[in-house]
Amino acid sequence: MAATCNAGRHFLTDLQKAERRKKNATWGIEKLEFQSLKRKQRFLVRASANNPQSLRMINGKKLNGVYVEEAPSLVRESSIDDDESLHACLRGKFVEDRFVYRQTFIIRSYEIGPDKTATMETWMNLLQETALNHVTSSGLAGNGFGATREMSIRKLIWVVTRIHIQVQRYSCWGDVVEIDTWVDAEGKNGMRRDWIIRDYHTQEIITTATSTWVIMNRETRRLCKIPEQVRQEVLPFYLNRAAISTENNDLEKIDKLTDDTAERIRSGLAPRWSDMDANQHVNNVKYIGWILESVPMRVLEDYSLTSMTLEYRRECRQSNLLESLTSPAFDQEDRSKSPNHRKPELEYTHLLRMQADKVEIVRARSEWQAKEKHNYRISGI
């Protein structure tokens, strides 16, 4: 009798295990189908700023505060499920006989400022990212940060000496932008890199930029001539084209500010470890935030930064304490027209320097236009 009971229990146990395995397998299939469905249903949550309502409807259900709609695809509808095409669109590609490198970006929520749009720092970071990917995709990349193979052998790196950027407008969160970049010779021992930023869907040019780069020894931190081997590496990629014409480029000298000429001085700016880049100095984009620290708050709130020129004079390390100086330009009426053929409403001269010995790091000039007034309101957030 005991043996019969034990056999029955074993039979029930095996049956229960089989049922459990079947149930787990079914649940696993359902989970995979649900995950696959989630991947296909790409949604974008956007604040209803223009015509806010307390309640919205989606799929017959009420949503409080936000409007949910299907996100716009980066590729044509016929290839929306083609992961390779989508990856290529985001990763970047060569166009125009490999002279121009093109990459697409989505503006993320952490890349927008108080106005809910991209900022000057956002644009500069994307320009830098496109430039580095250009070098990597070209097959020239060595083991340095944007350096070619011949540069890596000689322990050389690129450093930027001047950047000028002109902004027509800033994109919003969720917008898609397309960036083109290319290079050309700049004098005997320099290289020029240009960029164009377009709205991906309308192809409207919204930002243009140009920059000058020279070579520095990674160990001695001294500038040097471009070796012939390096020149031959980059020569096939040179394109004689300018994103900003000479007459519209800011080529004027940036005056040096002092304690006597500066209207505002902000001291005690300390670089963090996260501000350092792979070349062991402060990333050049970080300087913009410190420069704007001494700009009057009313300007930051009521005006849009439409143009900026930066002259990099010395690299900065984490141990350095900095000062930011700002002063209005004195020759407002004599300035050339801004990129949109209007004189800037405000213009400022800037200086970022070491706090201890007053050595210059960056000189800069900025132009500002009054912001368009919008009655933004986001409910439910």
Side-chain angles (χ1 to χ4, degrees), residues 44 46-47 49-51 69-77 79-80 85-86 88-96 99-109 111-131 133-134 163-182 193-211 239 241-250 288 303-309 336-345 366-374 376:
L44 177 68
R46 298 194 305 190
N50 295 329
N51 186 23
E69 66 178 2
E70 189 173 351
S73 174
L74 294 182
V75 293
R76 295 184 182 274
E77 187 173 347
S79 59
I80 192 170
S85 298
L86 181 59
C89 184
L90 294 172
R91 183 66 181 85
K93 61 182 179 180
F94 282 96
V95 296
E96 300 189 37
F99 284 110
V100 177
Y101 182 77
R102 177 173 296 166
Q103 190 164 4
T104 304
F105 297 91
I106 303 174
I107 304 303
R108 310 293 184 180
S109 61
E111 294 175 320
I112 62 174
D115 295 326
K116 307 176 187 67
T117 63
T119 65
M120 183 64 76
E121 291 173 276
T122 304
W123 278 169
M124 295 288 281
N125 276 317
L126 293 182
L127 298 184
Q128 180 174 266
E129 178 71 10
T130 309
N133 289 336
H134 181 197
I163 291 181
H164 176 56
I165 181 169
Q166 299 177 353
V167 180
Q168 299 295 331
R169 69 174 177 87
Y170 294 96
S171 298
C172 300
W173 171 31
D175 286 351
V176 184
V177 296
E178 179 181 87
I179 303 180
D180 285 0
T181 186
W182 63 91
R193 176 176 287 280
D194 286 8
W195 296 269
I196 291 177
I197 303 181
R198 300 183 185 89
D199 182 283
Y200 179 83
H201 296 290
T202 67
Q203 290 298 292
E204 171 197 2
I205 295 178
I206 56 179
T207 296
T208 53
T210 185
S211 61
L239 176 63
R241 177 188 299 175
I244 302 176
S245 61
T246 303
E247 56 268 22
N248 289 327
N249 199 357
D250 182 6
I288 297 176
Y303 291 82
S304 179
L305 180 54
T306 58
S307 176
M308 196 166 199
T309 304
S336 60
K337 292 183 179 180
S338 63
N340 53 12
H341 305 295
R342 294 182 301 171
K343 286 187 177 181
E345 298 181 26
S366 62
E367 295 181 355
W368 306 73
Q369 296 284 354
K371 295 177 181 178
E372 296 181 5
K373 299 297 182 181
H374 296 284
Y376 290 113

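We're numbering straight along the sequence, starting at 1.
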Is any side-chain heavy atom of Trp368 closer than 4.5 Å to a side-chain heavy atom of Ser304? no

*asked:* Taking Ala243's backbone N and O only, do any of them form a donor-acceptor pair with Asp194's side chain (distance below 3.5 Å, no angle check)?
replied: yes

Have Asn133 and Gln103 got a donor and an acceptor in their side chains that come within less than 3.5 Å?
-> yes

* To do: Report the C-alpha distance between Arg102 and Arg198 in whole Å, list the side-chain angles of each, state the deciding distance to 0.1 Å, and finish with yes or no for side chain to side chain contact (heavy atoms under 4.5 Å, CB included).
  => CA-CA 11 Å; Arg102 177 173 296 166; Arg198 300 183 185 89; 4.1 Å; yes

From the list Thr122, Ile206, Val176, Ile106, side-chain contact (heavy atoms from CB on, under 4.5 Å) with Ser171 holds only for Ile206

Is it true that a side-chain atom of Thr130 and a backbone atom of Ile179 form a donor plus acceptor pair closer than 3.5 Å? no

Side chains of Asn249 and Thr210, heavy atoms from C-beta outward: is any pair under 4.5 Å?
yes

- prompt: Do Ser307 and Val167 have side chains that get closer than 4.5 Å, going by heavy atoms?
  reply: no

Mind checking whether Ile107 and Ile112 have side chains closer than 4.5 Å, heavy atoms only? yes

Taken in chain and number order and not counting sequence neighbours, the residues that satisfy side chain to side chain donor-acceptor pair (under 3.5 Å) with Ser211 are Trp213

*Can we say Arg241 and Glu96 salt-bridge, meaning some charged N sits less than 4.0 Å from an Asp/Glu carboxylate O?*
yes

For Thr309, the side chain to side chain donor-acceptor pair (under 3.5 Å) test, sequence neighbours excluded, returns His164, Asp250

For this session: Could you go through the side chain to side chain contact (heavy atoms under 4.5 Å, CB included) check for Gln166 and Thr306 one step at a time?
Result: CA-CA 6 Å; Gln166 299 177 353; Thr306 58; over 6 Å; no

- Task: Please examine the side chains of Ile197 and Glu178, heavy atoms only from C-beta on, and report whether any two atoms are closer than 4.5 Å.
- Result: no

For Trp195, the side chain to side chain donor-acceptor pair (under 3.5 Å) test, sequence neighbours excluded, returns Thr181

Problem set entry | Min side-chain heavy-atom separation Phe94-Val100 under 4.5 Å | no

Report task. Walk me through it: do Leu127 and Ile165 pass the test side chain to side chain contact (heavy atoms under 4.5 Å, CB included)? Result -> CA-CA 10 Å; Leu127 298 184; Ile165 181 169; 4.0 Å; yes

- Item | Polar side chain donor-acceptor pair, Thr207 to Trp123, under 3.5 angstrom | yes

Within a strict 4.5 Å, meaning less than it, do heavy atoms of the Trp173 and Arg108 side chains meet? no

To the nearest 0.5 Å, atom CD1 of Ile244 lies from atom OG1 of Thr208 at 4.0 Å

Tightest non-hydrogen contact, residues Cys172 and Thr117, listed as SG-CG2, 4.0 Å

Can you check salt bridge (charged side-chain N to carboxylate O under 4.0 Å, His left out) on Lys371 and Glu345, steps first, answer last?
CA-CA 11 Å; Lys371 295 177 181 178; Glu345 298 181 26; over 6 Å; no

Please confirm whether the backbone N or O of Glu204 pairs with a side-chain atom of Gln168, one donor and one acceptor, at under 3.5 Å? no

CG of Asp175 to NE2 of His201, rounded to nearest 0.5 Å, is 8.0 Å

Are any of the side-chain heavy atoms of Tyr170 and Asp115 separated by less than 4.5 Å?
no

Fill in: Candidate pair Val177 and Tyr200, rule side chain to side chain contact (heavy atoms under 4.5 Å, CB included), full reasoning
CA-CA 5 Å; Val177 296; Tyr200 179 83; 5.9 Å; no

If we ignore hydrogens and angles and just use 3.5 Å, is the side chain of Gln128 paired with the main-chain N or O of Asn125 as donor and acceptor? no

### Query
Cation-pi between Arg193 and Trp182: NZ/CZ under 6.0 Å from ring centre and within 45° of the ring axis?
no

To the nearest 0.5 Å, atom CD of Glu121 lies from atom CD1 of Ile288 at 6.0 Å

